[in-house]
2 protein chains.
Amino acid sequence: MGRQEKTIRILEAALRTFARYGFKKTTLEDIAGELGMTKGNLYLYAKDKRDLYEKSVAHAFREWQERVAEDVEGKKDVVVRFRVMCVKAYAYLSVNEDLQSIVLRDPTIFTLAPREGRFYSVNVAAVEMIKQVLEQGIREKRFRQVDVESMAEFLFSIYIMFIIRAYVKSEGKPVEAIFEAAVDLMINGLLTR
Amino acid sequence: MGRQEKTIRILEAALRTFARYGFKKTTLEDIAGELGMTKGNLYLYAKDKRDLYEKSVAHAFREWQERVAEDVEGKKDVVVRFRVMCVKAYAYLSVNEDLQSIVLRDPTIFTLAPREGRFYSVNVAAVEMIKQVLEQGIREKRFRQVDVESMAEFLFSIYIMFIIRAYVKSEGKPVEAIFEAAVDLMINGLLTR
DNA sequence: GAATGAACAACTAGCCAAAGTGTTCAGTCG
DNA sequence: CGACTGAACACTTTGGCTAGTTGTTCATTC
C-alpha cells in the first residue's frame with residue numbers, strides 16, 4: 001500500500017471517528033486504534049489534531065466535487081447541465097452520513113462566501129465549475145450575458161444556503177418545494193429572452 | 001409619558017447597551033442606569049434578561065420593516081417595487097449602527113429559513129411583504145406564474161444571505177457586484193417572456 | 001523510511017470559596 | 001392604584017487549585 005492510499009485510509013478513519021464523537025471528544029488514540037496504529041504515527045500525516053480534522057473534511061469535499069463533476073460532464077445540453085449540477089450537488093450529502101454528521105456538529109464549515117474560512121480551495125473549485133457552465137451557456141447564446149464572476153459567486157452562495165437549510169437546520173415546510181422554486185428562478189433568470 | 005412610549009424608551013436603551021457590551025457583559029444595572037431607574041423596575045417590561053434582549057431586537061426589526069414598507073408603497077410599478085424592496089431592505093442596516101453591532105455579536109439572530117428561531121413573527125411579516133409584491137406582479141401579468149409561497153421563502157433566504165455576507169462576514173470581492181447580479185437574476189427570472 | 005512508545009507539555013474536569021448578577025417581592029412614593 | 005424602589009435571595013460566574021487526560025515530540029526499533 002503506497003503512501004497515497006495510506007493517507008486516504010487515515011483521513012477516512014479520522015472522518016468516521018470525528019463524525020461519531022465530534023472534534024473535542026475524539027482522541028487521537030480513538031483514530032489510531034481504529035487504524036491499528038499508535039497516535040504518534042498520525043503526526044507523519046498531519047501536523048496536529050486540527051490539521052487532521054481539516055484534511056479529512058477537505059478530502060470528503062473533494063470526493064463530493066469529483067462525483068458532481070463526473071455527472072455534469074455526462075451531459076452536453078447546457079440547461080440540463082445546469083440542472084444536474086444543482087440537483088447532484090444538493091443530493092450528495094444525503095448519501096454521505098459521516099460528512100452529514102460532521103456538518104451538523106460544525107456548521108461553521110460552510111461560509112456563504114466562497115473566499116473565506118477554511119476549505120477556501122474547495123470552494124474556489126466549486127465556483128470554477130459554475131463559471132464554466134455559465135460561460136458555455138453564454139457562448140451558445142442560451143444564457144444572457146451576465147457578469148460571470150459575480151453570478152457564479154451568487155449561485156454558489158445559494159447552493160450553500162440550501163445545504164445549510166437542508167442539513168444544518170432541518171425544519172419548516174419541505175425544502176424540496178423551495179429548491180424547485182430556486183432552480184426554476186435561476187434557469188429562467190439566466191435564459192435569453 | 002404613556003406606557004407605550006416608556007416601553008420604547010426602555011427597549012431602545014437596552015438595544016444601545018447590548019450593542020455596546022454584548023449580551024453577556026451588559027448587566028441589568030447598566031441598562032437601568034442608562035434610564036435613571038433601578039433594575040427591578042425592568043421586570044415590569046420584560047420577564048427576564050433574555051426577554052428584554054429579544055424584545056429590544058424585535059422592536060428594531062419592526063422599525064426596519066416599517067421603513068421598507070413605506071418606501072415600497074411609494075412606488076406603483078411592480079418591477080420598481082421589487083427593486084426598491086431589495087435595495088432598501090438591504091441598505092437599512094448600514095444606517096442603524098446599534099442593530100449592526102448586535103447582529104455582528106450574535107449572528108444566529110438570522111436564520112436562513114423564516115419559520116424558525118427567534119423573531120419568527122418578524123420574518124413571517126417580511127415573507128408576507130414579498131408575497132404581496134409577487135402576487136401583484138402575477139396579477140398584472142408582468143411576472144410568470146410561480147409558486148408564490150415557495151418563491152417568497154426562497155427570496156427571503158437570499159435576502160438574509162446578503163445580510164449575513166455584508167454585515168456578519170465582511171470580506172471578499174465587493175458584495176455590491178454580487179448583489180447587483182442577484183437582483184438582475186431575480187427580476188429576469190420572474191418576468192414573463 | 002515507517003512506526004513505536006515513553007516522556008513531556010498542554011489542556012480539561014472537578015472542586016471549592018468568593019464575588020457578581022439575575023430575579024423576586026414587601027414596602028414606599030406620587 | 002399603579003409605578004417604582006431597594007434589600008433579600010438564588011443562581012451563575014470566576015479564579016485558584018489538583019489530578020487526570022490528551023496532544024505533541026523524539027530517540028529508538030522494525
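The sequence lines fix the lettering, A, B, ..., with proteins before strands; numbering per chain opens at 1.
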### Query
Closest to the A:Asn41 side chain: D:dT25, C:dA3, D:dT5?
C:dA3
### Message
Within 45 degrees of the ring normal and closer than 6.0 Å to the centroid, is that where the cationic atom of A:Arg105 sits relative to A:Tyr21?
### Response
no
### Message
Classify the ring geometry of A:Tyr92 against A:Trp64: parallel below 30°, tilted from 30° to 60°, perpendicular beyond 60°.
### Response
parallel
### Query
How are the rings of A:Phe154 and B:Phe162 set to each other: parallel, tilted or perpendicular (split at 30° and 60°)?
parallel
### Query
Can you name the one residue among A:Glu12, A:Glu29, A:Arg20 that meets side chain to side chain contact (heavy atoms under 4.5 Å, CB included) with A:Glu34?
A:Arg20
#### Entry: Ring geometry between A:Tyr53 and A:Phe18 (parallel below 30°, tilted from 30 to 60°, perpendicular above 60°)
perpendicular
### Task
Among the candidates D:dG23, C:dA2, D:dT5, find the nucleotide nearest to the side-chain atoms of A:Lys39.
D:dG23
### Message
Of the listed nucleotides (C:dT4, C:dA3, D:dT24), which one gets closest to any side-chain atom of A:Thr38?
### Response
C:dT4
### Query
Where along residues 16-32 of chain B does a heavy atom fall under 4.0 Å from DNA chain C?
B:Thr26, B:Thr27, B:Leu28
### Task
Using whole Å, report how far CG of A:Leu35 lies from C1' of C:dA3.
13 Å
### Task
Starting from P on C:dT24, measure out to CG on B:Leu42 and report it in whole angstrom.
13 Å
### Task
Round to the nearest Å and state the distance from B:Arg50 atom CZ to C:dG22 atom P.
12 Å
### d(CG, A:Leu44; P, C:dA3) in whole Å
7 Å
### Task
Look only at the side chain of A:Asn41 and the backbone of A:Met37, and say whether a donor-acceptor pair between them is shorter than 3.5 Å.
no
### Query
On the ring face of B:Phe82, is B:Lys75 found with NZ or CZ under 6.0 Å from the centre and within 45° of the axis?
no
### Summary
Ranking D:dG23, C:dT23, D:dA3 by distance to the side chain of B:Asp48, first place goes to C:dT23
### Message
From NZ of B:Lys47 over to P of C:dG22, roughly how many Å is that when rounded to an integer?
### Response
15 Å
### Summary
Taken to the nearest whole Å, OH/B:Tyr45 to P/C:dT23 is 18 Å
### Task
Round to the nearest Å and state the distance from B:Arg9 atom CZ to D:dC4 atom C1'.
14 Å
### Message
Nearest to the A:Tyr43 side chain among D:dT5, C:dA2, D:dT24, which nucleotide is it?
### Response
D:dT24
